[in-house]
Amino acid sequence: MAKAASRTEKIPPYLFARIDKKKEEARKRGIDLIDLSIGDPDIPTPQNIIEAMNKAVADPKNHRYPSYEGMLEFRKAVADWYHARFNVDLNPANEVVTLIGSKEGIAHMPWAYVESGDVVLVPSPGYPVYKIATVFAGGTPYMMPLLEENGFLPKFEDIPKDVCKQAKLLFLNYPNNPTGASADDAFYEKALAFAKKYDILLCHDAAYSEIAYEGYKPKSIFEFDTEKKYSIEFHSLSKTYCMTGWRIGFAVGNSDAIANLGKLKTNIDSGAFQAIQYAGIEAMTGDQGSIAVMNKRLEKRRDMIIEGLNAIGINVPKPKATFYIWARVPKGYTSADFCEKLIEATGIVATPGSGFGDAGEGYFRLSITIGEDRIEEAMKRLKKLNL
Ligand SMILES: Cc1ncc(COP(=O)(O)O)c(C=O)c1O
């Protein structure tokens with residue numbers, strides 16, 4: 001049997017593949033699991049989107065290869081959505097590219113930009129794909145710790161100058177997975193000045209921009225990088241419209257960055273299924289009411305979990321956005337030990353913070369993407385946990 005490449009061997013199993021294994025073992029032992037480990041909405045995709053899909057899938061013109069960069073109509077819908085939501089103007093012809101989920105675009109970005117020896121600045125804890133895609137492309141990830149005392153924002157002034165000079169890409173993600181943190185205007189300005197100073201392409205992952213509570217409106221990087229000189233922004237329909245399984249997202253921004261990512265993609269994939277792009281158009285141009293309804297439900301779940309954690313002495317501030325609650329593990333536990341104890345003693349599946357990077361050690365993440373009845377049951381079980 002041929003030996004896998006060293007880059008394949010170097011990479012640990014994807015975080016959730018590892019957790020799936022642990023879940024399987026617990027299930028076999030008859031434990032009734034309440035899975036709070038993955039940010040995958042349980043709420044169905046809104047009906048208008050499903051109807052648009054049904055119609056599009058029946059049309060033979062959509063059965064053929066789609067265009068690489070995505071239908072112009074889809075990219076126009078993205079531009080209109082950006083204008084309505086962020087007051088940012090995009091040229092659909094060269095400042096938007098359709099993605100097969102934002103993970104696909106994020107994972108390909110280092111391939112388009114990174115040469116062997118180049119550095120990519122990656123948040124820790126962070127969405128695992130930034131680091132792994134960098135390693136795959138032969139680059140060197142430099143992990144920027146997101147510390148609680150800094151509001152889970154990286155401190156650019158702590159990055160050694162020689163590292164800054166070798167850096168090609170800077171990944172940022174606010175609202176943030178896994179910490180639930182949000183960035184303020186001053187931070188975006190600082191990040192942009194830093195990218196400009198060292199000629200780094202700022203890659204902002206805005207997958208959670210619409211999952212926000214109590215009137216909070218997360219921002220686009222292009223509300224700051226108004227000339228689109230330094231940045232690309234990744235977006236997803238997965239979370240906003242409960243479409244994780246559909247695999248549709250997009251990147252917008254600097255036209256060179258979009259062209260380079262697009263050029264790479266033409267050699268790897270053949271675009272997103274057109275019927276799904278039509279469904280995406282309906283999602284972005286149709287009634288947006290489902291977002292507020294979903295966020296109201298998520299807010300209630302967030303509060304239920306925060307209350308449940310408070311009741312056992314784990315105090316966490318309420319995140320203003322995202323699906324996630326990021327909490328410190330009780331004294332005397334590592335992240336992995338505590339998550340194992342949670343599964344064994346309560347059946348609750350949490351994600352160990354260490355799985356998101358070294359700076360995530362000492363924390364665990366709970367996701368609020370399961371029904372209120374199960375969350376209620378989880379919090380009841382939590383109360384009986386003997387720490
Ligand atoms: C921060 C972040 N970015 C991107 C993604 C990928 O989303 P998708 O590929 O479904 O668009 C996720 C998914 O969990 C995420 O948490």
Side-chain angles (χ1 to χ4, degrees), residues 14-20 35-43 45 49 70 74 78 81 96-110 120 122-134 144 146 152-154 169-183 202-212 218 220-221 232-252 261 265 268-269 271-273 276-277 279-280 283-284 294 298 319 321-326 351 353 355-357 360 365-370:
Y14 192 59
L15 173 60
F16 294 104
R18 236 162 40 202
I19 293 170
D20 279 349
D35 192 353
L36 299 173
S37 69
I38 298 189
D40 187 357
D42 58 312
I43 300 166
T45 308
I49 301 173
F74 178 86
V78 169
W81 186 84
V96 183
V97 64
T98 308
L99 300 173
I100 310 168
S102 63
K103 181 178 185 180
E104 178 263 299
I106 291 165
H108 283 141
M109 202 56 197
V120 175
V122 173
S124 168
Y127 182 53
V129 181
Y130 313 133
K131 177 181 173 187
I132 293 185
T134 299
M144 305 178 292
L146 305 187
F152 298 111
L153 302 169
L169 304 177
L170 160 66
F171 278 106
L172 292 175
N173 161 226
Y174 292 98
N176 184 259
N177 174 17
T179 67
S182 295
L202 196 165
C203 305
H204 188 232
D205 178 353
Y208 296 95
S209 73
E210 306 314 297
I211 314 298
S220 160
I221 192 69
I232 184 169
E233 188 156 75
F234 293 92
H235 241 290
S236 175
L237 277 71
S238 289
K239 323 284 175 177
T240 310
Y241 301 105
C242 300
M243 292 175 76
T244 48
W246 299 57
R247 312 312 303 135
I248 184 92
F250 51 88
V252 306
L261 178 60
K265 278 171 55 59
I268 294 178
D269 63 65
F273 182 26
I276 294 178
Q277 294 189 59
M284 289 182 284
M294 168 179 69
L298 293 173
T322 77
F323 295 149
Y324 305 114
I325 289 160
W326 183 246
T351 319
F356 295 99
R365 191 193 76 173
L366 296 177
S367 164
I368 53 179
T369 50
I370 65 164

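Remember, it's 1-based here, ligands and their atoms both numbered in the order they're listed.
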(message) Give me the atom names and distance for the closest heavy-atom approach of Thr322 to Gly180.
(response) OG1-CA, 3.4 Å
(request) Please report the shortest heavy-atom distance between Met284 and Trp81, naming the atom on each side. (result)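 What the structure gives for the nearest pair is O-CD1, 3.6 Å.
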With a cut-off of 4.0 Å, which atoms of ligand 1 are near a heavy atom of [X]?
X      : answer
Asn177 : 1 (C), 15 (C), 16 (O)
Asn173 : 1 (C)
Gly101 : 9 (O), 11 (O)
Arg247 : 8 (P), 9 (O), 10 (O)

So do [Y] and [X] actually touch side chain to side chain, heavy atoms under 4.5 Å?
X      : Y      : value
Val129 : Met109 : no
Ile248 : Thr98  : yes
Phe250 : Leu237 : yes

(request) Decide salt bridge (charged side-chain N to carboxylate O under 4.0 Å, His left out) for Lys265 and Glu104; before the verdict, give the C-alpha distance in whole Å, the side-chain angles of both, and the deciding distance to 0.1 Å. (result) CA-CA 9 Å; Lys265 278 171 55 59; Glu104 178 263 299; 2.8 Å; yes
Is there a nitrogen or oxygen of [X] sitting under 3.5 Å from a nitrogen or oxygen of ligand 1?
X      : answer
Ser102 : yes
Tyr324 : no
Glu104 : no
Ser236 : yes
Ser238 : yes

(message) Within this structure, what is the CD1-NE2 distance for the pair Ile232 and His204, rounded to the nearest 0.5 Å?
(response)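 One gets 12.5 Å once the value is rounded to the nearest 0.5 Å.
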(request) Quick one: pull up CZ in Phe152 and CG in Asn176 and give me the separation to the nearest 0.5 Å. (result)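 These two atoms lie 8.5 Å from each other.
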(message) What protein heavy atom lies closest to atom 13 (C) of ligand 1? Include the residue and the distance to one decimal.
(response)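 Here the closest protein heavy atom is Lys239 NZ, 2.9 Å.
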(request) Identify the protein heavy atom lying closest to atom 2 (C) of ligand 1, giving its residue, its atom name and the separation to 0.1 Å. (result) Asp205 OD2, 3.3 Å
(message) Residue-level breakdown please: for Phe234 versus ligand 1, do any non-hydrogen atoms fall below 4.0 Å on the side chain, on the backbone, on both, or on neither?
(response)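 It is neither part, as no heavy atom is under 4.0 Å.
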